Protein chains: 2
Amino acid sequence: MKTKEHKIPEATIKRLSTYVNYLGRLGTDSNPVISSEILGESCQVSPAQIRKDLSYFGEFGVRGVGYDTKKLEAEIKDILGINHNWPTTVVGVGKLGQALLNFDFFRNHGFRIITAFDSDPNKIGTEAANGVTIQSISNIEKCVREEKISIGIITTPVAAAQDVTDKLVDGGIKGILNFAPIKVKVPETVTLRNVSITSELDNLAYLLTQKKR
Amino acid sequence: MKTKEHKIPEATIKRLSTYVNYLGRLGTDSNPVISSEILGESCQVSPAQIRKDLSYFGEFGVRGVGYDTKKLEAEIKDILGINHNWPTTVVGVGKLGQALLNFDFFRNHGFRIITAFDSDPNKIGTEAANGVTIQSISNIEKCVREEKISIGIITTPVAAAQDVTDKLVDGGIKGILNFAPIKVKVPETVTLRNVSITSELDNLAYLLTQKKR
DNA sequence: TGGTGTGAACAACTTCACAGCG
DNA sequence: CGCTGTGAAGTTGTTCACACCA
């Protein structure tokens, strides 16, 4: 993979994720080769956009033919870095946390959930899912450091979000995916992404309101 | 509210959601007025961006002073259309569906969850949360039509997603928020938003990989 | 004086159109 | 011939800088 010097649009990364997701679901035997047109139809992206997205990272296709399905999937996984095994933790074992802990996706996409944390004494010590035992929030820093956990997923209530963020950071976490509907603060060295379910709903409400007017 | 003719960037809507979220959490008594600079700090958005975002919809501030906190919150809610009571349903009562059913956010933001659907006979007829009873997937079309449900939230596995989408559409649904990691298809008349948790994780993996290289 | 509102400059992203090559 | 790869054109979104006004 030859990464070119250009800055890559964030939207491109998002789409690469869509592509690899679709390619993975495709029966590779029946579809050994795929064109940007066909892939674009499934992913609802224009063929030109797909080719441009891929061109940031190299030349993966064959002119006049298309892309080798299996090879393309592997290339994109390599680009995204989801062929590693990122040691991951989930902080906050409410319903959303449990949903993530049971989410098949992780196993297939290079994330290995090592541990989970919660503040509820009734949950601590019990098994959350797949052999993952719930530990006390107060162990976060120590555990993140010792187990060399790279990624922390925050699914706590708003009130606890900044506190557990700080603990993860103190333990030396590399990246955080935050589901709590508040923008937590992290030092420059830590990569942060906020997922805002609320803003998705607000956006939907806006679009529906527009249609009415 | 005077909506101007300009097309509004989607990113603007996303930010408005952030602003209103923050304003709602603010003690309005202690902060009757807020400037774009202060608001921007909390929301991690530039002051100019905030003023531009708001300017698409009208003039809400006072020069030399700032914005009336409470009034601004109300204005943005009006813009987004989250001061209505959108009749909403959740399809798929797994862990994620349960998380949403118990999510306080809905009550405060103009979404009223009326019903929930699942295919599991053991769940049908039981109470999911807050007086919401789980019904069979086969009732979707009839129920959506009779209860005039506007918004459907899909939290089923991938395999069921398109099928329940079609049922919602047949019932006359207005908008869909899809959490299943597949791009479902809807007619032009239905507003669709896909939330991709997987792509958020992929994006985080990408950013971490970049940092390493 | 101080913070808003906004046209104009700038930057980022997408689409187009076609050259290039199997 | 057909589909990729890619500069160039077009479009969309953000930042700047300052007029404006309580």
Side-chain angles (χ1 to χ4, degrees), chain A residues 1-19 23 31-73 75-76 79 199 203 206-207 210, chain B residues 1-19 23 31-73 75-76 79 199 203 206:
Chain A
M1 189 185 78
K2 59 172 170 179
T3 306
K4 296 183 180 176
E5 295 314 316
H6 280 267
K7 211 194 123 273
I8 316 295
E10 179 170 324
T12 290
I13 304 304
K14 198 165 181 178
R15 283 188 299 267
L16 287 179
S17 175
T18 309
Y19 306 156
L23 292 169
N31 303 289
V33 169
I34 192 166
S35 69
S36 59
E37 175 144 7
I38 299 297
L39 181 57
E41 236 165 72
S42 312
C43 301
Q44 291 166 53
V45 172
S46 77
Q49 182 72 77
I50 291 182
R51 297 201 299 276
K52 177 65 86 180
D53 286 341
L54 294 173
S55 80
Y56 288 127
F57 299 96
E59 307 189 5
F60 306 118
V62 180
R63 289 164 198 240
V65 180
Y67 301 91
D68 180 313
T69 308
K70 217 178 175 73
K71 219 174 98 190
L72 184 59
E73 186 190 354
E75 290 282 10
I76 299 179
I79 292 168
S199 87
N203 207 316
Y206 172 76
L207 293 171
Q210 284 312 98
Chain B
M1 188 184 80
K2 57 171 174 180
T3 307
K4 297 184 180 175
E5 295 314 314
H6 279 266
K7 213 195 122 272
I8 316 296
E10 178 170 324
T12 290
I13 303 303
K14 198 165 179 177
R15 284 189 297 267
L16 287 179
S17 174
T18 309
Y19 306 156
L23 291 169
N31 303 289
V33 170
I34 193 166
S35 67
S36 58
E37 175 143 7
I38 300 297
L39 181 58
E41 235 165 71
S42 311
C43 301
Q44 292 166 52
V45 172
S46 77
Q49 182 73 78
I50 291 182
R51 298 201 299 276
K52 177 65 89 181
D53 285 341
L54 295 174
S55 80
Y56 289 127
F57 299 96
E59 307 188 4
F60 306 119
V62 180
R63 288 165 197 238
V65 179
Y67 302 90
D68 180 314
T69 308
K70 215 177 178 72
K71 218 174 97 191
L72 184 60
E73 186 191 352
E75 290 281 10
I76 299 179
I79 293 166
S199 87
N203 206 315
Y206 171 75

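Letters go in sequence order (proteins before strands), and every chain restarts at 1. Basis for what follows: all heavy atoms, side chains included, without hydrogens, waters or symmetry-related copies. Predicted, not measured: the structure shown is a model, and the values here were computed from it.
We find that CD of A:Glu59 is positioned 9 Å from P of C:dC21, with the value rounded to whole Å. As rounded to whole Å, 12 Å separates atom C1' of C:dG7 from atom OH of B:Tyr56. Between the CZ atom of B:Arg51 and the P atom of D:dC18 there is a distance of 14 Å, rounded to whole Å. B:Ile50 places its CD1 atom 16 Å from the P atom of C:dT6, with the value rounded to the nearest Å. Rounded to a whole Å, the NZ atom of B:Lys7 is 13 Å from the P atom of D:dT11. Distance A:Lys52 NZ to D:dT11 C1': 14 Å, rounded to the nearest Å. In this structure, the CD1 atom of B:Ile8 is 12 Å from the P atom of D:dT14, given to the nearest Å. If you take CZ of A:Arg15 and C1' of C:dA12, they are 12 Å apart, rounded to a whole angstrom.
Residues satisfying the salt bridge (charged side-chain N to carboxylate O under 4.0 Å, His left out) test with A:Glu41, not counting sequence neighbours, are none. Considering only residues two or more places apart in sequence or on other chains, B:Ser36 meets the side chain to side chain contact (heavy atoms under 4.5 Å, CB included) condition with B:Pro47, B:Ile50, B:Arg51, B:Tyr67.
Shown here is A:Glu10, whose CD atom has no more than 12 heavy atoms of other residues, nucleotides or ligands within 6.0 Å.
In terms of heavy-atom proximity, B:Thr69 sits nearest to B:Ile34 at OG1-N, 3.8 Å.
Counting heavy atoms from C-beta on, the side chains of A:Leu16 and B:Tyr206 never come closer than 4.5 Å.
Listed pair A:Ser36 / D:dT4 meets the phosphate criterion, a side-chain N or O lying under 4.0 Å from OP1 or OP2. For D:dG5, the OP1/OP2 oxygens have a side-chain nitrogen or oxygen of A:Tyr67 closer than 4.0 Å. Of the side-chain N and O atoms in B:Ser46, one or more sit less than 4.0 angstrom from OP1 or OP2 of D:dT15.
Counting only heavy atoms from C-beta on, A:Thr12 has its side chain closest to C:dT14 among D:dT14, D:dG5, C:dT14.
Heavy-atom nearest nucleotides on DNA chain C were determined for A:Val65 and for A:Ala11, and the one closer to the 5' end corresponds to A:Ala11. Toward the 5' end of DNA chain C, the nearer of the two residues A:Gln49 and A:Val62, judged by each one's closest nucleotide, is A:Gln49.
Judged by atom type and distance alone, B:Arg63 does not reach the base of C:dG3 through any side-chain donor-acceptor pair under 3.5 Å.
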